[in-house]
Amino acid sequence: MAGNGEHSNERHDRQDGGVPIPADFRVVNCRLEAPSSLPGNALPRFVAAASVSGSMKFWSQFFIPTLKESPADAEIASHKLLVRAGLVRKLGGGLYTYMPLGLRTLRKISQACREEMDAAGAIELQMPHLHPVEFWEQGPRWAAAREIMYRADHAGDGKRGPRDPEYVLGPTHEEIITPLVKTEITSYRDLPKNFYQIATKFRNEIRPRYGLMRAREFIMKDGYSFDATDEGATQSYLRMKDAYSKFFSRVGVKAISVEADTGVMGGSFSHEFMVPAEVGDDVVVYCEESGYAANREKATSGIVPKDLADAAPAGAVEEFPTPGVVTIAALEAAPYSVPADKQFKTLVYVGDGNPFLVILRGCDELEEAKLGSLGFTLFRPATPEEIEPVMGAKPGSLGAVKGTIKDPAALAGIFADHAIRLIGNGTTGANRDGMHLRNVNVTRDLAITKFGDFRRVRVGEPDPKSGNPLKIARAIEVGHVFKLGTKYSDKFGAVYTDDQKQSHPMVMGCYGIGISRTLQAIIEQSHDNDGILWPWSVAPFQVLVCLLDPQLPEAAELAKKIGLAAERAGADVLIDDRTERPGVKFKDADLIGIPLRITVGGKGLKEGIVEMKWRAQKDVAKLPIADAESKVAAAVADASRA
RNA sequence: CGGGGUGUAGCUUAGCCUGGUAGAGCGCCUGGUUUGGGACCAGGAGGUCGUAGGUUCGAAUCCUAUCGCCCCGACCA
């Protein structure tokens with residue numbers, strides 16, 4: 001390239017047949033050095049860029065910045081290890097650079113995912129990250145989705161002009177793939193189809209934390225299936241669920257699938273893949289005996305017998321004064337002494353602008369996610385200012401007894417948890433401050449719009465299947481399969497024509513795997529006090545040749561030969577050729593967690609041996625030098641087969 | 001968005017309460033002694049104490065604002 005900025009004035013000047021340079025691009029003092037002027041060891045090398053494996057790497061020429069101490073902002077083991085082992089570095093809250101070592105594992109996870117998706121019949125494509133906002137505005141969930149979306153306007157002078165296009169950064173891609181399929185697929189002959197991509201997603205997490213666990217920018221495999229029939233969609237769904245199980249076991253993650261919240265979509269269903277972990281921010285309810293497992297947002301229990309008969313009224317409703325009593329606990333105490341499970345809890349929510357009531361037992365907690373089944377697009381707890389004009393009293397004295405609500409016409413509904421039928425006759429607020437009602441009978445006195453399951457399940461309650469006590473554990477969600485139905489295809493008009501010339505909406509499913517989150521989940525699930533224990537399948541390198549005396553030519557030569565033997569056997573090999581003391585090398589080796597370590601040193605050479613040690617095991621095998629290459633190759637072959 | 005905390009060298013941090021012009025460990029550089037589980041000795045570089053105001057003779061320290069980060073809650077894959 002010419003060494004001045006003259007051509008910056010020429011529109012679309014071509015540089016050496018390369019890309020055109022826009023007229024406003026100014027080249028200042030730009031000079032490219034000829035490759036021959038580079039020092040010999042800096043000559044560019046061309047290797048298969050997309051390949052995870054490749055020629056073995058030498059630590060001294062690679063880049064693995066390990067740390068002795070954990071960063072101050074890391075709370076959990078996997079986050080600390082990610083940073084200490086040099087896998088990631090933080091740019092800002094919820095934003096991480098994948099360092100060379102971390103990128104290798106990330107690629108292996110992606111590749112395993114890709115292979116399982118392909119094997120299950122899914123087809124890879126790649127959609128833009130930058131979405132014209134109209135696609136979202138036309139979609140069925142713009143109001144809710146915009147809360148987590150980033151806007152991406154042209155930076156320019158810092159303001160978006162009225163005629164500038166407006167973009168958002170994609171948090172997921174239903175709104176993009178559905179219009180695509182609508183225009184490209186119109187016949188039943190082209191169905192079913194299942195598309196996926198592995199791509200970065202952007203979500204404005206209210207509170208990013210735990211490193212890659214909850215990030216603003218993260219890598220996700222997202223897939224979307226399109227079927228002609230509901231039955232076909234179920235088949236697609238089950239095929240994906242099966243592929244997910246294969247994927248997680250392949251990358252060494254013990255994930256369990258649980259029933260998940262389906263939100264506003266009646267008739268659809270959903271499973272999440274969960275990794276049990278102390279630090280998980282999801283909660284799983286399960287029963288080992290029956291195999292029942294569900295996200296707590298969705299979980300039900302069998303505390304209400306199916307054959308429960310409604311209680312007969314215990315007497316006339318009676319108002320009694322309760323000055324200052326505004327909590328369940330206060331009414332439980334003397335002198336009232338009403339047990340919490342004999343109280344009605346009346347909550348006021350606002351759904352799409354209209355207040356509605358939720359009635360629970362006093363001893364139960366609302367599981368807010370379950371309100372999603374009521375069909376509101378957005379809902380939230382009502383404020384005290386909103387409550388009083390409708391109910392006639394402040395929170396603490398509320399109830400749903402017929403005739404006591406000040407403005408019942410304002411309510412969008414009164415929704416009751418099934419468990420209130422266990423109360424039969426109980427106590428509730430009178431909708432007059434300082435007053436409650438007793439002898440309130442569920443059937444006689446309450447005008448329930450609809451019964452449903454709204455309460456949060458507690459540990460030890462009977463499993464809905466077997467009746468055994470339910471257990472509860474924290475978990476990390478790493479995958480989610482969702483049968484969507486026609487929510488998006490209806491909205492975007494993604495229809496096909498069947499063999500009777502009839503038009504139908506396609507039946508969709510969507511499927512996500514948190515690739516970067518899985519990376520961290522593996523570490524969270526597989527580490528010890530010294531560092532990471534990588535599963536063979538995703539280890540950034542599988543064999544580490546620990547060369548203790550790189551200055552000894554025969555040691556260095558042997559290390560290289562063993563490394564090559566391991567590589568020929570199918571392993572990715574790292575040779576630690578740094579001039580560090582042995583202690584440092586061993587500590588680093590344990591920290592970065594390469595599964596198989598071969599130690600080559602002057603001391604061993606004198607004995608005529610090298611050492612072979614698995615990261616996950618304590619014992620060290622001494623291999624005669626003559627056997628070293630074949631023994632290592634055999635170990636690699638064994639591990640690769642497992 | 002509410003509550004709490006915190007910001008000092010690349011990393012981990014002391015000093016702050018009680019104002020007097022910044023100290024350690026790790027890492028890094030130089031030299032030497034070492035060399036099979038994070039060596040030792042000597043020397044060295046590196047900090048406008050997040051930023052902006054204010055109080056004061058004097059501010060890392062006190063006050064105000066602001067930004068970042070962390071924790072709890074709400075919310076969310």
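Protein chains get the first letters and strands the later ones, always in sequence-line order, with residue 1 at the start of each.
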Do A:E607 and A:K622 meet the salt-bridge criterion of a basic N to acidic O distance under 4.0 Å? yes
I'd like to compare against my own output: the B/S/- annotation of nucleotides 70-77 of chain B with a strict under-4.0 Å heavy-atom distance to protein. SSBBBBBB
Say you pick atom P in B:U8 and the same atom in B:A14; how far apart are they, in whole Å? 10 Å
Using the C1' atom on both, measure B:C76 against B:U66 and round to a whole Å. 28 Å
Once you apply a heavy-atom cut-off of 4.0 Å, does A:R84 come out as touching a base, just sugar-phosphate, or nothing? base
Under a 3.5 Å cut-off for both contacts, is B:U61 paired Watson-Crick or G-U wobble with anything, and if yes, with which nucleotide? none
Is a donor-acceptor contact shorter than 3.5 angstrom present between the side chain of A:E69 and the base of B:G25? yes
About how many Å separate CD of A:E174 and CE of A:M508, when rounded to the nearest 0.5 Å? 6.5 Å
Calculate the interatomic distance between A:K68 atom NZ and B:G37 atom P; express it in whole Å. 15 Å
Which of A:R456, A:K345, A:R458 passes salt bridge (Lys or Arg N to Asp or Glu O under 4.0 Å) with A:D364? Answer is A:R458
Close residues, residues 243-257 of chain A, relative to RNA chain B [heavy-atom separation under 4.0 Å]: none
To the nearest Å, how far apart are A:L547 CG and B:U35 P? 18 Å
Short N-O contact, A:E175 and A:R141, less than 4.0 angstrom: yes
Atom pair distance, as rounded to whole Å: CD1 in A:I64 and P in B:G27: 18 Å
P atom, B:G3 versus B:U64: distance in rounded Å? 15 Å
Each nucleotide of nucleotides 5-10 of chain B classed B (base within 4.0 Å of a protein heavy atom), S (only sugar-phosphate) or -, in 5' to 3' order, makes ------
Decide if the gap between the ring center of A:F415 and the ring center of A:F356 is smaller than 6.0 angstrom. yes
So, A:K613 and A:D619, do they make that salt bridge, N to O below 4.0 Å? no
Could you state the CE-C1' distance from A:M99 to B:C11, rounded to the nearest angstrom? 13 Å
I'd like to know if A:K201 pairs up with A:D222 as an ion pair, taking the criterion as any Lys NZ or Arg NE/NH1/NH2 lying under 4.0 Å from an Asp or Glu carboxylate oxygen. yes
Euclidean distance, atom CG of residue A:L67 to atom C1' of B:U13 [Å, nearest integer]: 15 Å
Under 4.0 Å between a side-chain nitrogen and a carboxylate oxygen: does that hold for A:D282 and A:R296? no
Would you mind classifying the nucleic acid contact of A:S70 as base, sugar-phosphate or nothing, using non-hydrogen atoms under 4.0 angstrom? sugar-phosphate
Grab the CZ-P distance between A:R578 and B:C28 for me, whole Å please. 10 Å
In whole angstrom, give me the gap between the P atoms of B:C57 and B:C71. 43 Å
Taking atom P in both B:C70 and B:C11, compute the distance separating them and give it to the nearest angstrom. 14 Å
Under 4.0 angstrom, heavy atoms only, what part of the nucleic acid is A:P71 near: base, sugar-phosphate, or nothing? sugar-phosphate
A:R581 has its side chain closest, among B:U12, B:G38, B:U34, to B:U34
Across every strand shown, the nucleotide meeting Watson-Crick or G-U wobble geometry with B:A22 (both distances under 3.5 Å) is none
When the C1' atoms of B:G20 and B:A60 are considered, how many whole Å apart are they? 13 Å
Counting only distance, no hydrogens or angles, is the base of B:G36 paired donor-acceptor with the side chain of A:R597 under 3.5 Å? no
Quick one: do A:R615 and A:D528 make a salt bridge, cutoff under 4.0 Å? yes
When you measure from the side-chain N and O atoms of A:K585 to the phosphate of B:G37, is any distance below 4.0 Å, counting only OP1 and OP2? no
Span that lies between the P atom of B:G46 and that of B:U55, in whole angstrom: 34 Å
Could you give the CD-to-P distance, from A:Q551 to B:G36, as a whole number of Å? 12 Å
Counting only Watson-Crick pairs (N1-N3 plus N6-O4 or O6-N4) and G-U wobbles (N1-O2, O6-N3), all under 3.5 Å, who is the partner of B:C75? none
With sugar-phosphate meaning primed atoms plus P, OP1 and OP2, does A:G604 contact a base, only sugar-phosphate, or nothing at under 4.0 Å between heavy atoms? base
Using side-chain hydrogen bond (donor to acceptor under 3.5 Å, both in side chains) as the criterion, point out the one residue from A:E217, A:R203, A:R216 that pairs with A:Y150. A:R216
What is the ring orientation for A:Y244 with A:F248, classed by angle as parallel under 30°, tilted 30 to 60°, or perpendicular over 60°? perpendicular
Value in whole Å for how far the P atom of B:G38 lies from CZ of A:F586: 10 Å
For B:U30, the Watson-Crick or wobble partner whose two distances fall under 3.5 Å: B:A42
Once you apply the 3.5 Å cut-off to both distances, tell me the Watson-Crick or G-U wobble partner of B:G68, or none. B:U6
Can you say whether the rings of A:Y237 and A:H271 are parallel (under 30°), tilted (30 to 60°) or perpendicular (over 60°)? tilted
Answer yes if the ring centres of A:Y511 and A:Y224 are under 6.0 angstrom apart, and no otherwise. no
Using atom C1' in both nucleotides, what's the gap between B:G36 and B:G32 to the nearest angstrom? 23 Å
Note: A:R455-A:E367 ion pair, threshold 4.0 Å (strictly below): no
